[in-house]
Amino acid sequence: PRLKEARFLTMHAKPRAMIDVSDGLAQDLGHMLDASKCGAMLYEVQLPISSELKKHYTKHSTQIQHVLGDGEDYELLFTMSRAKAERLYAYIEKHKVKTRFTVIGKIIREKGIRLERVDGSVQRVLVRGYEHFK
């Protein structure tokens, strides 16, 4: 778990919402969005794909499916205003913070999760991930 990073974020960036990704990015993002009664637009080109995932799956669309649906990542997913994000990046650069933070999308009014593909098209994301007690 990213406890050190969570403490850093709450002290220096004060996210509006934050959750660890343990049941899959789409599913855990869905929990945040349900609680906030809003939606999200994810940017395919911004989604981090690990070298291990690239090694196991050569097809990009399969990689994206795994990025959105696989669990046990224990990464942090958080939201903040654009201004706060800019201040966070400035702080990270100034203080040489080694942890990598990546903007993967934005919050939108329309409920649900959408994915802006590399070609500019937009598709709905089916919320899938690990289901407890099934």
Side-chain angles (χ1 to χ4, degrees):
R2 298 281 198 154
L3 299 176
K4 182 176 125 185
E5 292 81 358
R7 280 189 221 101
F8 169 82
L9 287 167
T10 56
M11 286 176 44
H12 297 286
K14 302 197 181 355
R16 288 184 179 158
M18 183 165 47
I19 191 170
D20 73 315
V21 179
S22 58
D23 294 337
L25 173 60
Q27 184 165 302
D28 289 325
L29 174 58
H31 296 317
M32 288 175 53
L33 298 173
D34 288 345
S36 302
K37 296 177 178 40
C38 57
M41 175 70 71
L42 298 176
Y43 307 126
E44 181 179 23
V45 297
Q46 295 292 105
L47 294 174
I49 302 174
S50 71
S51 57
E52 286 296 312
L53 190 58
K54 288 178 183 177
K55 196 183 311 179
H56 284 49
Y57 303 98
T58 55
K59 192 173 174 186
H60 182 72
S61 60
T62 304
Q63 293 170 359
I64 294 299
Q65 286 177 331
H66 283 278
V67 167
L68 294 172
D70 288 357
E72 305 304 328
D73 295 331
Y74 296 104
E75 292 296 339
L76 295 174
L77 176 65
F78 58 96
T79 64
M80 63 179 50
S81 69
R82 182 182 305 263
K84 277 189 179 182
E86 289 170 359
R87 287 193 298 271
L88 174 63
Y89 276 105
Y91 182 93
I92 288 168
E93 189 174 315
K94 180 179 178 182
H95 296 281
K96 310 277 189 255
V97 175
K98 293 182 181 173
T99 300
R100 189 172 132 211
F101 295 92
T102 305
V103 174
I104 62 168
K106 66 181 178 181
I107 300 300
I108 59 176
R109 290 183 195 270
E110 301 83 27
K111 290 184 179 181
I113 303 172
R114 289 160 183 76
L115 178 67
E116 184 179 285
R117 304 303 305 238
V118 174
D119 65 7
S121 65
V122 174
Q123 72 180 60
R124 285 182 134 326
V125 172
L126 296 175
V127 177
R128 294 187 337 232
Y130 182 78
E131 293 184 38
H132 299 271
F133 311 114
K134 189 169 185 184

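As the structure is a computational prediction, the values presented were derived from the model and not from experiment.
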query: In terms of hydrophobic clusters joined by side-chain contacts under 4.5 Å, are Val21 and Ile113 together?
result: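 Same cluster.
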task: Spell out, as yes or no, whether a donor-acceptor pair under 3.5 Å connects the side chain of Tyr57 to the backbone of Ile64.
output: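 Side chain of Tyr57 to backbone of Ile64: no pair is present.
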- prompt: Is Val97 close to His12 at the side-chain level, that is, under 4.5 Å between some pair of heavy atoms?
  reply: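 No - every pair of side-chain heavy atoms lies 4.5 Å or more apart.
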field: Closest non-hydrogen atom pair between Pro48 and Val67, with its separation
entry: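 Nearest pair, atom of Pro48 first, then Val67: O-CG2, 3.6 Å.
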- request: Provide the closest heavy-atom pair for Val122 versus Met41 in the form atom of the first, atom of the second, distance.
  value: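 The answer is CG1-CE, 3.9 Å.
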- prompt: So, Gln123 side chain and Leu115 main chain: donor-acceptor pair closer than 3.5 Å or not?
  reply: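 Looks like no, no N/O pair under 3.5 Å.
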- request: State, to 0.1 Å, how close Phe78 and Pro15 come at their nearest heavy-atom pair, and which atoms those are.
  value: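 In this case the closest contact between Phe78 and Pro15 is CB-CB, 3.9 Å.
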Contact check, side chains of His60 and Glu44, non-hydrogen atoms, under 4.5 Å: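 Answer yes - side chains close enough.
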field: Shortest non-hydrogen contact from Gln63 toward Leu53
entry: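 Heavy atoms of Gln63 and Leu53 come nearest at O-CD2, 3.5 Å.
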query: Taking the side chain as C-beta and beyond, is there a heavy-atom pair between Leu29 and Val125 under 4.5 Å?
result: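 No, too far: nothing below the 4.5 Å cut-off.
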field: ILVMFWY cluster, Val103 and Leu9 together (side-chain gap under 4.5 Å)
entry: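 Looking at the clustering, Leu9 is in the same group as Val103.
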- prompt: Heavy-atom distance under 4.5 Å between the side chains of Thr99 and Phe8, does that happen here?
  reply: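 Thr99 vs Phe8: side chains apart.
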query: According to a 4.5 Å side-chain heavy-atom criterion applied to Ile, Leu, Val, Met, Phe, Trp and Tyr, with indirect links allowed, do Met32 and Ile108 form part of one hydrophobic cluster?
result: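 Different clusters: Met32 never reaches Ile108 through Ile, Leu, Val, Met, Phe, Trp or Tyr contacts under 4.5 Å.
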message: Let me confirm one number: the CG-CD distance from Leu68 to Gln27, rounded to the nearest 0.5 Å.
response: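 If we round to the nearest 0.5 Å, Leu68:CG and Gln27:CD are 12.0 Å apart.
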- prompt: Taking a hydrophobic cluster as the set of Ile, Leu, Val, Met, Phe, Trp and Tyr residues connected by side-chain heavy atoms closer than 4.5 Å, whether directly or through intermediates, do Tyr89 and Tyr91 fall within one such cluster?
  reply: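 Result: yes, single cluster for both.
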- prompt: How far apart are the closest heavy atoms of Lys84 and Ala13, and which atoms are they?
  reply: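 Answer, listing the atom of Lys84 first, then Ala13: CD-O, 3.4 Å.
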field: Whether over 12 other heavy atoms sit under 6.0 Å from Arg16 CZ
entry: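 For Arg16, atom CZ is not crowded (no more than 12 foreign heavy atoms under 6.0 Å).
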field: His56 NE2: over 12 foreign heavy atoms closer than 6.0 Å
entry: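 Incorrect, the count does not exceed 12.
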message: If I compare all heavy atoms of Lys111 with all of Arg124, which pair ends up nearest, and what's the gap?
response: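 For Lys111 and Arg124, the tightest heavy-atom pair comes out as O-NH2, 3.9 Å.
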Neighbour count >12 (heavy atoms, 6.0 Å) for atom CD, Glu110: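 Yes, enclosed.
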message: Rounded at 0.5 Å granularity, tell me how far CG in Leu25 sits from CD1 in Ile19.
response: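 Output value for this atom pair is 10.5 Å.
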- prompt: So, does Asp28 use its side chain to make a donor-acceptor pair with the main chain of Asp23 at under 3.5 Å?
  reply: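 Judged by distance alone, yes, a pair lies under 3.5 Å.
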message: Is there a continuous path of hydrophobic side-chain contacts, each under 4.5 Å between heavy atoms, that joins Met80 to Leu77?
response: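 Looking at the clustering, Leu77 is in a separate group from Met80.
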field: Pairwise side-chain contact, Ile107 with Leu33, heavy-atom cut-off 4.5 Å (strictly under)
entry: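 The answer is yes; the side chains approach within 4.5 Å.
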task: Determine whether Arg2 and Glu75 make a side-chain contact, defined as any pair of heavy atoms from C-beta on separated by less than 4.5 Å.
output: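 Arg2 reaches Glu75 side chain to side chain.
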- prompt: When rounded to the nearest 0.5 angstrom, what distance separates CZ in Phe101 from CG in Leu88?
  reply: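 Reported value, rounded in 0.5 Å steps: 5.5 Å.
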query: Which residues pass the side-chain hydrogen bond (donor to acceptor under 3.5 Å, both in side chains) test with Tyr43, sequence neighbours left out?
result: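 In terms of side-chain hydrogen bond (donor to acceptor under 3.5 Å, both in side chains), with neighbours along the sequence ignored, Tyr43 is linked to no residue.
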